[in-house]
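A quick note: this is a predicted structure, and the numbers were derived from the prediction, not measured. Because only heavy atoms are used, hydrogens play no part in the values below, and waters and symmetry mates are left out as well, while side chains stay in.
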Amino acid sequence: MTSPSPSPAPDGPRRKPTLWDTMKAVGWSFFGVRRNSAYKEDLGKLNPLHVIVVAFAAVIVFVVGLVLLVRHVVASA
C-alpha cells in the first residue's frame with residue numbers, strides 16, 4: 001500500500017514575506033485597522049523578529065515626527 005501523495009496547497013507555493021509585507025502589517029496594526037483574517041495570515045507568514053524591529057523603527061519615527069511637529073508649532077507661536 002502506498003500512501004497518497006500530499007496535494008498541493010490551494011494557494012500555490014508560499015512565497016517568502018518581504019520587508020514591504022512586514023511594513024504593511026505593522027503599519028495597519030499600528031493604526032488598529034487590521035482585519036482578523038489578514039492578522040491570522042500574517043501570524044503564520046511573518047517572522048516575529050522582523051515585526052519587532054520594524055515596529056520599533058516605526059515607533060521611533062512616530063515619536064521623532066511628533067517632537068519635530070511640536071517644536072515647529074511652539075517656535076512659530
Side-chain angles (χ1 to χ4, degrees):
M1 286 188 120
T2 61
S3 60
S5 62
S7 60
D11 298 337
R14 295 183 74 171
R15 64 180 181 87
K16 190 174 182 178
T18 62
L19 178 62
W20 178 246
D21 293 331
T22 304
M23 289 173 58
K24 281 192 324 187
V26 168
W28 286 119
S29 298
F30 190 71
F31 293 109
V33 291
R34 195 82 176 132
R35 287 187 318 228
N36 191 32
S37 61
Y39 168 75
K40 287 181 180 180
E41 178 184 324
D42 289 340
L43 191 60
K45 183 173 70 168
L46 298 176
N47 183 344
L49 181 62
H50 294 167
V51 173
I52 291 170
V53 169
V54 170
F56 186 70
V59 167
I60 290 174
V61 168
F62 181 71
V63 169
V64 168
L66 283 178
V67 169
L68 292 175
L69 177 67
V70 168
R71 289 180 69 177
H72 175 71
V73 169
V74 169
S76 64

Contacts satisfying side-chain hydrogen bond (donor to acceptor under 3.5 Å, both in side chains) that involve residues 17-27 (not counting sequence neighbours) are R15-D21, T18-D21

Checking L49, V59, V26 against V54 for side-chain contact (heavy atoms from CB on, under 4.5 Å), the one that qualifies is V26

Note: P17 and L46 closest approach over all heavy atoms is CB-CD2, 3.6 Å

Assigning hydrophobic clusters by single linkage (Ile, Leu, Val, Met, Phe, Trp, Tyr; side-chain heavy-atom cutoff under 4.5 Å), is W28 placed with M23? no

Note: with side-chain heavy atoms under 4.5 Å as the link, the other cluster members for V74 come out as V70

Path from V73 to F62 over hydrophobic side-chain contacts below 4.5 Å
no

Closest heavy-atom pair, A25 versus S29, reported as atoms and distance to 0.1 Å, is O-OG, 2.8 Å

Report yes or no: do L66 and F30 belong to one cluster of Ile/Leu/Val/Met/Phe/Trp/Tyr joined by side chain heavy-atom distances under 4.5 Å?
-> yes

Residues passing the side-chain contact (heavy atoms from CB on, under 4.5 Å) test with I60, sequence neighbours excluded, are F56, V64

